[in-house]
Amino acid sequence: MLKTEELQINIGPQHPSTHGVFRMLVTVDGETLVDLKPVFGYLHRNHEQLGEVNTYLQNMPFTDRLDYFNSMVNNHAYARTIETLAGVEVPERAQYIRVIMDELSRILNHATAMGFMLGDMGAWQTALLWGMREREKILDMFEYVSGARMMCNYCRFGGVVRDIDDWFITELKKLMQGLPHYFDDFEGLLLNSEILLARARNIGVLPKELALAYSVTGPVLRGSGVAYDIRKAEPYAVYDRFKFKVPVGTVGDVYDRFLVRIAEMRESYKILEQALEQLPDATGGFINPKVKQQSLKAPAGEAYARVESPKGELGFYVVSDGSGSAYRYKVRAPSFINLSALADMCKGYTIADVVVILGSIDIVMGEVDR
Amino acid sequence: MTLSHLATEDVFVVERNDADFRAGQGMTKGLGIVFRKFRKALFGKPNSDRADTEGQFNVQYPEERLAMPEAYRNMPILLYDDATGHELCTSCFQCERICPPQVIHITQAKDPATGKPVPAAAKFVLEYDTCMSCGYCAEVCPFDAIKMDHDFELSTANHPELDVDYNRLLRPVSYYETIAPTMWSDVKEQAMKKLQNNIKRRPGDIGRDHGQKIKGGAPVAAAATPAAGAAPAAAAKPRGPVAAIGKNMPEDKTAKLLAIRAANAAKRGGGAADAAPVAQAAPVVEAVADAPAAVSAAPTGPVAAIGQNMSEDKRAKLEAIRAAKRAERGE
Ligand code: SF4
Ligand code: SF4
């Protein structure tokens, strides 16, 4: 038998397939991957330390910059943490608005994440641009309500900064007319494509037990067959009022994660429909007027609040010493923890599969490195 | 192992396609969808309907622009009253305090006679390069003096230019009214009332001595540097999402774009298309090689005769090497 030597190579940090400045030190035997060491920290910008210097309100726009695809969800999670800490009531209408923004974020995140993954497979760029088109329509609406497309800075303690008006509702209804067509087109284009099947089926398998051992969350965990969704397991905001289902996979490969995300977009659509229906009956305004935003002080203590971000469990942990800013501030970033399972998902597959597996985890380096 | 925390009716298993490969059937179906979309995009009209998923969705920036929503926030600006030229800011330091990256720097104005503080800012510096456009300053300002502008074309090659002071921050209230009419009408009354109160407490020209122009054009008070960028947008912006060329575009921007176009056209029209690059390259050759012979009609063939395209000293060197070689061979 011919003996080949193992070779160590570097993928990234500047590489289009690493979805940001992320470096993978891979050991290969021929084409087959033997070991993978993820190296991150290239985008570190001291987020948690800043959170301890800033006042509670000042830190809100910094959370936009974590997972910059889903700033609405980040805002929601952070606001929820501080609201738990300071005991702030959130009116019902504000909860509905937050849910609408979260579900819109989920759709735009999955649409682009799947597009990027297909780009990694070589389906350059049709699938991505269809996702981008839908995303752009949603971002226009975010811009209308919050003032910015991506750095929304929309939530405030006890609500949101601006109410949604008739224009927003009308446009949202229009958008929702188009969404099912987009889902159908996207599925029709790809679901049975032989290239996708060849590149995704039984690639990057993450068994149930391993996924749990790594604390993986979100579509990656559900793709591995664990039915766990914070919106169901610990309903926050008004999620207990909606009928929707949690899609799970069976094998835990790239294909399952892909299917779970498409199914989740359809479920988000259902939630949006119900939220729009129930919104007019919601009581309260878009914000709790009693909260002193700028000088908010939280009693000494600690709080952890989490939401189901499109990427997994996003949680903020804040310790207060009774002053106007956090004593300790910690982010539980889903991309970061999902990424830790990368090495085990990749071992034994070829090097070309690595970029696809990475794409199927759906990471954002802004959140991984903080 | 039951790992599910959820009721079974809340969960469903996604349907996998575990069929064996059929030669390209799935791909052909997908391509069919792509072609259908492609045809619609190619022959379709520009489409901005959110309900639609077919057609052209591109906006040809910079000729076409999307109308900005009123709430859009880019960089902060400071407002002054059109009629009197008085700035709305009273230097209360609220915005300086809230600004998360701490990029606002204010110096309070003082009465020169008594040395007592006056409700106006003597200096107002904002670091545009570090501002994160969060909009908090506009949110907290009790006097509605600082607002978020819609102009996003601020790129510059000169970085220090991004520390902007009063001269570049000031805009008349009428300008803000054009970009955010309803947001301004909500606060107009109380903002103007507060301003009238503050004007009473400002001796002399304090509060309007930064070169701002009032209606009629002339600066109110002599300022060290002339006001710039205070021109209000010509017309109210249309609300439609996609606009035709020139719409949603300030006049000076249109003029600039047209000038660039004209310059490009002149460049292309100056001679035959393929002659242009040669003419452009010539001065560079001249500067580097310092050989007048090289400038005229560079040969296009890959190998040139000795001496052509070559500087004097190089040619001399080459000749010397050749001579040495000939001597070696005993010629
Ligand atoms: S801009 Fe507004 S908040 Fe800032 S100092 Fe002036 S008046 Fe106060
Ligand atoms: S927009 Fe935010 S970062 Fe910029 S000056 Fe205002 S408060 Fe500071």
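A, B, ... follow the sequence lines: proteins, then strands. Residue 1 opens every chain.
Here the side chains of Y136(B) and M60(A) are in contact, with some heavy-atom distance below 4.5 Å. Side-chain atoms of M132(B) and R65(A), non-hydrogen and from C-beta on, do get closer than 4.5 Å to each other. Two residues are said to be in side-chain contact when any heavy atoms from C-beta on lie closer than 4.5 Å; V161(A) and E139(B) meet this criterion.
Few gaps surround CG on D165(A); more than 12 heavy atoms of other groups in view lie less than 6.0 Å from it. In the displayed structure, K188(B) atom NZ is contacted under 6.0 Å by at most 12 heavy atoms of other residues, nucleotides or ligands. Within 6.0 Å of OH on Y68(A) lie more than 12 heavy atoms contributed by other residues, nucleotides or ligands.
Heavy atoms of L196(A) lying under 4.5 Å from chain B are absent altogether. Looking at F244(A), the atoms closer than 4.5 Å to chain B (heavy atoms on both sides) all sit in the backbone: N, CA, C or O. Contact annotation for N59(A): neither backbone nor side-chain heavy atoms come within less than 4.5 Å of a heavy atom of chain B. Contact of M176(A) with chain B is not made at all, since no heavy-atom distance falls under 4.5 Å. Residue contact with chain B, scored on non-hydrogen atoms closer than 4.5 Å, involves the side chain of E134(A) exclusively. For a residue to count as touching a neighbouring chain, one of its non-hydrogen atoms must lie under 4.5 Å from one of that chain's; by this rule R162(A) touches chain B with the side chain only. Proximity to chain A (any heavy atom under 4.5 Å) is shown, for F12(B), by both the backbone and the side chain. Within the 4.5 angstrom heavy-atom criterion, no atom of E264(A) approaches chain B.
Using a 4.0 Å cut-off between charged side-chain N and carboxylate O, K232(A) and D10(B) make a salt bridge. Remark: R73(B) does not engage E143(A) in a salt bridge, criterion side-chain N to carboxylate O under 4.0 Å.
Sorted by first then second residue, the side chain to side chain donor-acceptor pair (under 3.5 Å) pairs that include residues 93-102 of chain B, not counting sequence neighbours, number zero.
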With side-chain contact (heavy atoms from CB on, under 4.5 Å) as the test, would you mind laying out the steps for R36(B) and D185(A) before giving the verdict?
-> CA-CA 11 Å; R36(B) 199 186 74 220; D185(A) 286 341; 3.5 Å; yes

F258(A) and V14(B): CA distance, side-chain angles, deciding distance, side-chain contact (heavy atoms from CB on, under 4.5 Å) verdict = CA-CA 10 Å; F258(A) 178 79; V14(B) 289; over 6 Å; no

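Minimum heavy-atom separation, N153(A) to C134(B): ND2-O, 3.1 Å.
In this structure, the separation between CD1 on I33(B) and CZ on F186(A) is 11.5 Å, given to the nearest 0.5 Å. With rounding to the nearest 0.5 angstrom, the OG atom of S133(B) is 11.0 Å from the CG atom of D64(A).
Contacts with chain B were tallied for N54(A), L172(A), D140(A); D140(A) has the most, counting heavy-atom pairs under 4.5 Å. Highest contact tally toward chain B, considering only C152(A), G178(A), P247(A), is held by P247(A) [criterion: heavy-atom pairs under 4.5 Å]. Per-residue counts of heavy-atom pairs under 4.5 Å with chain B were compared for R156(A), Q294(A), M151(A); the largest is that of R156(A).
By the ring pair (Phe, Tyr, Trp, His ring centres under 6.0 Å) test, Y72(B) pairs with H150(B), sequence neighbours left out.
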